[in-house]
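Notes for the one structure printed next.
Bear in mind that the values here come from a model prediction, so they are computed numbers and not experimental data. Residue numbers start from 1 in every chain, and the chains themselves are labelled A, B, ... in the order their sequence lines are given, proteins ahead of strands.
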Amino acid sequence: MTHRRPSVFQALSVILAAFLTALALYPLSRVLLRLFVVDGGLELSPLREAFTQPDLFGVVFRTYVVVAVSAFVALIVGSTLAWLNERTDARMGSFTDMLSLFPFLLAPVAGAVGWVLLLSPRAGLLNVFLRFLLGNVGIHMDEGPFDIHTWYGLILAYAVWLVPYVFLLVSAGLRNMDPSLEEQSRVSGAGVLRTARRVTLAAIRPSLGASILLMTWFGMALFSIPAIIGTGAGIEVLSVRIVRLLSSTFPPETAQAVGLSIFILATVGLAWYVQARVLRQGRHATVGGKGHQFTRIRLGSLRAPARIFMLGYLLVAAVLPAIGLVLVAMQGFWTPNIDWGALNLDAFRRVLFEDNLTRRALGNSMRLGIATATVGIVAAAIIALYVQRSRGVSARLIDGALKLPATISNIVLAVGFILAFAGPPFSMQGTVLILFLAYLVIYFPQGSVAADAAAGQVGQELREASYLSRASRGRTFRRIEFPIMLPGLAVGWSLLFVRVIGDLTASAMLAGASNPVVGFRVFEIFRGGSYSNLAALALLLTVVSTAVLAVVFLLTQRKRKLQIGTGLVTNAD
Amino acid sequence: MKHQQSVEPIGGAAALTGLSCCNKLTESTLEVTTVKRRHVYVILISLLALLAASCGNDDNGDTADADGDGDATAEATEGADGLEELVASAEEEGTLSLYTSLADEHAADVAAAFEATYDIDVDVLRLGPTDLVQRFSSEAEAGAVTADIIVSGATGGFFEQGLEEGWLTSLEETRVPELVPDFPEDFLRSEFGSAAVILQTWNVAYNTDIVTGDDVPETWEDVVTNPLFEGRTLLVDPRNTDLYFDVYETIYDQFGPDWFSSLEGEIGFDVINSGVPGAQAVAAGESAVMYPTGAAAVLGLSEEGAPIDVANVTPQVGIEVVFGISADAPHPNAARLMAQFLMSEEGSAEANALEGVTSSPYDPPAGYTSPPQGATEHKDEIMELLGLA
């Protein structure tokens, strides 16, 4: 092997990876040091306290049940939606392509509150409406028929929130594989379902595996939904317990909280291991320089129900909770006895025009969202390619280190940032910069997942062709890899953007009057203000997010006919 | 079945599992460009720009006094000669950073009242009591003090620790009491180095369509003995903060542990995160009663026309909101002026202007008792009785 001088791009990748890793690990290590190193000696008793907490088994067990069941439901729903969208004529243009993003448009806090408004057993708006309908056919109920503050209510809320991860990865997998395999299967006489089971399912197994890993990861770390819905149901999960340890007593039980995070880490590690084993067993398809031609499956009479199913998901995930919020915002408070004549826009006016702090917060959040998402996703793309190419242990370590923050509570990370950067010599407390850095570290894992998926779509032949034509690594990245990854990266960008503007736990520690952000305002209004203001602000946020995302999508999702890298994918419609 | 020559795992699996591709083509046959000098300059300049951006990014204006206690107190002592001098020094500083756990709109009202009286801008940071003190202490530890004054219920030993660690200046040191000689002595709180300036009693919110006439509770005992409340009671999560135990300890003293057993057993309750969504639930009729709550969330809703009201049940006990002045306050004189404002009769009246929501120490509610010392004495037992251990 001849020696090469390292390219600029290579050097840049390494520097970037090193910088981000340092940024991710330094604050965390400051927190850990403060917890476990006392007067120069190792102090592990807080960890022991963490593992002897009351009802620890119960909390862990409940968390596992909720995450496992909702992940299972999400897997089925998400895969079906992806399959319908990619392989059948139930697809409705770019609209259904974006299906996965809709639940993200509503900040989790707002979504959870929306569901409480809709499905509380007595005063839930949807329940009242259903009782009205049932009453017309002679069935009278005092309560229900649904109750959000139950196991099934909580699992539904989780599942709805997890579906997008499955949808994204399975869609990518379906797009990568050669659909002619399925055609051959059908031509050989196997029906649609049999083909789906035997051919498609086998080929997208890595996507399913990756989805399961992601759902485990993010499902266990999810906070707003179990905090709002689970509390009313008496179901306490790990993430809520961790925040409680950090927020309900002073001084906070940080050591115990960190100890509990280890559970999350261990679980995610286990899922990672299982997934690796599963992957090793099979061979999987990838995309190359060859063209794919396929005919979409015609569903015939099943097309309408399929489309209803897809729209139904959208309804449940985003539209209904939004309607609940709109009604409450316009009424001024929550009531099932809606006075249609008294509906007004006062709450919106208050939030948008009279609250200076909120306006500044909106501006900051927009800027931070765009900056973090852009820097984050580009960095994620570069690092994803770097990790994918190099086989060394160090690359994998970097990847793991950058994904690690997702398993640690945002509050702990934020405290770490305060300890690391708030005081001298950096003196960043109260600035927008410290928020930017914290968000970058906290949300990078989500971006990296999308970037990994996008990187996986780039066929090796294309890279080889580029190198053969004497292009440098940097040029290959700019001209070949990045454009192919762009649709996937745009999705990742949107993910990051929405997450950043919706962040509340880290902002609680780092944002303030000089650097206000919106997610934090939303949560504070939830705890200390009024529902109508909360609803108005959450909806405003949703409208802005939707607008931004729509623009991003229009710019980056190219028409199906022109998918570069996969040659020509022509549709028979 | 056709396969591509090189097999790559899909999606996140690639990086997550470290399974890289089995690339047959060796890159040694390729020519790669060398590092160009201008590329290096670009990288260096970007790094420098980043560093420059992070330093000196001082939105707050005045930075914290790096010397700590000494200078701030010295300034304060000089300014304490008369209210006029204090006002002048404070207005020169021009801004006040207020950290508080008062309800959103109440905090805004207090800030507005202060701004109307003096030519000083108030920046309000509102957080739940324990998040608030955690933030304050983290910043103090990191040497990045942003708060001038913290106004909150005395939670979990924060104020005591603050005095010990030197984060907070005690009331005597600030010499503010000299400017408010009429302040009722009973409400001085020397253990916190402060004074109780806002009294917020814990009360019961109820739905006026469901709970009427004699059913409206008058004492804490009423809420666990009236069958109307069975299955329709909302309890604000006692795990959120120890401040609720001010009233629970008093109830324990007066009615014994049976009160809690009845609540958990005969009455049965649901848990809600905080008083605000709780009030919403009561207004909607989802629950009949909700407690313990301040009156702020409730009265705001009833003004909008919601069928909700608050019952001031006896014994009346609740949070005493105290304040702490940062030892390293960026605007120490403004902080002291706010303290003086809250302790003065006029200022206190303005800070407690919302009738029925909070009370001034100059005019405490009838039947008021101060929260017991050692309010968490029976916390574990109470939590167990409630099934929330």
Decide if atom CD of B/Glu115 counts as having more than 12 heavy atoms of other residues, nucleotides or ligands within a radius under 6.0 Å.
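Correct, the count exceeds 12.
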If you count heavy atoms of other groups shown closer than 6.0 angstrom to CZ of A/Arg475, is the number above 12?
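Not more than 12 within 6.0 Å, no.
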Where does [X] contact chain A at under 4.5 Å (heavy atoms): side chain, backbone, both or neither?
| X | result |
| --- | --- |
| B/Gln134 | both |
| B/Ala281 | both |
| B/Ser137 | side chain |
| B/Ser274 | side chain |

Using side-chain hydrogen bond (donor to acceptor under 3.5 Å, both in side chains) as the criterion, list what pairs up with B/Asp209, not counting sequence neighbours.
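Partners of B/Asp209 by the side-chain hydrogen bond (donor to acceptor under 3.5 Å, both in side chains) criterion come out as none, since no residue qualifies.
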Where [X] and [Y] come nearest, the two heavy atoms and their spacing:
| X | Y | value |
| --- | --- | --- |
| B/Glu286 | A/Arg122 | O-NE, 2.6 Å |
| A/Gly332 | B/Leu301 | O-CD2, 4.3 Å |
| A/Tyr531 | B/Gln280 | CB-NE2, 2.9 Å |
| A/Ala511 | B/Leu125 | O-CD1, 3.8 Å |
| A/Ile228 | B/Asn273 | CA-OD1, 3.9 Å |

A/Leu510 portion near chain B, given a 4.5 angstrom heavy-atom threshold:
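It is the backbone, since no side chain atom gets that close.
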Among A/Ala233, A/Pro336, A/Ser120, A/Gly232, which has the most heavy-atom pairs under 4.5 Å with chain B?
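Sorted descending by pairs with chain B, the first entry is A/Ser120.
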Calculate, to the nearest 0.5 Å, the distance between atoms OG and CZ belonging to B/Ser138 and A/Phe417 respectively.
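Going from OG on B/Ser138 over to CZ on A/Phe417, the span is 14.0 Å.
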Would you please test B/Glu141 and A/Leu419 for side chain to side chain contact (heavy atoms under 4.5 Å, CB included) and show each step?
CA-CA 7 Å; B/Glu141 250 186 76; A/Leu419 292 176; 4.2 Å; yes
With sequence neighbours left out, what residues match B/Phe269 under ring pair (Phe, Tyr, Trp, His ring centres under 6.0 Å)?
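Counting only residues at least two positions away or on another chain, B/Phe269 forms no ring pair (Phe, Tyr, Trp, His ring centres under 6.0 Å).
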Side-chain contact, heavy-atom cut-off 4.5 Å: A/Arg244 with B/Asp237?
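Touching, per the 4.5 Å side-chain cut-off.
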Which one wins on heavy-atom pair count under 4.5 Å against chain A: B/Gly305, B/Ala279, B/Ala284?
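Answer, by heavy-atom pair count under 4.5 Å with chain A: B/Ala284.
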Picking from B/Gln161, B/His106, B/Glu304, which has the most non-hydrogen pairs under 4.5 angstrom with chain A?
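Going by pairs under 4.5 Å, I would pick B/Glu304.
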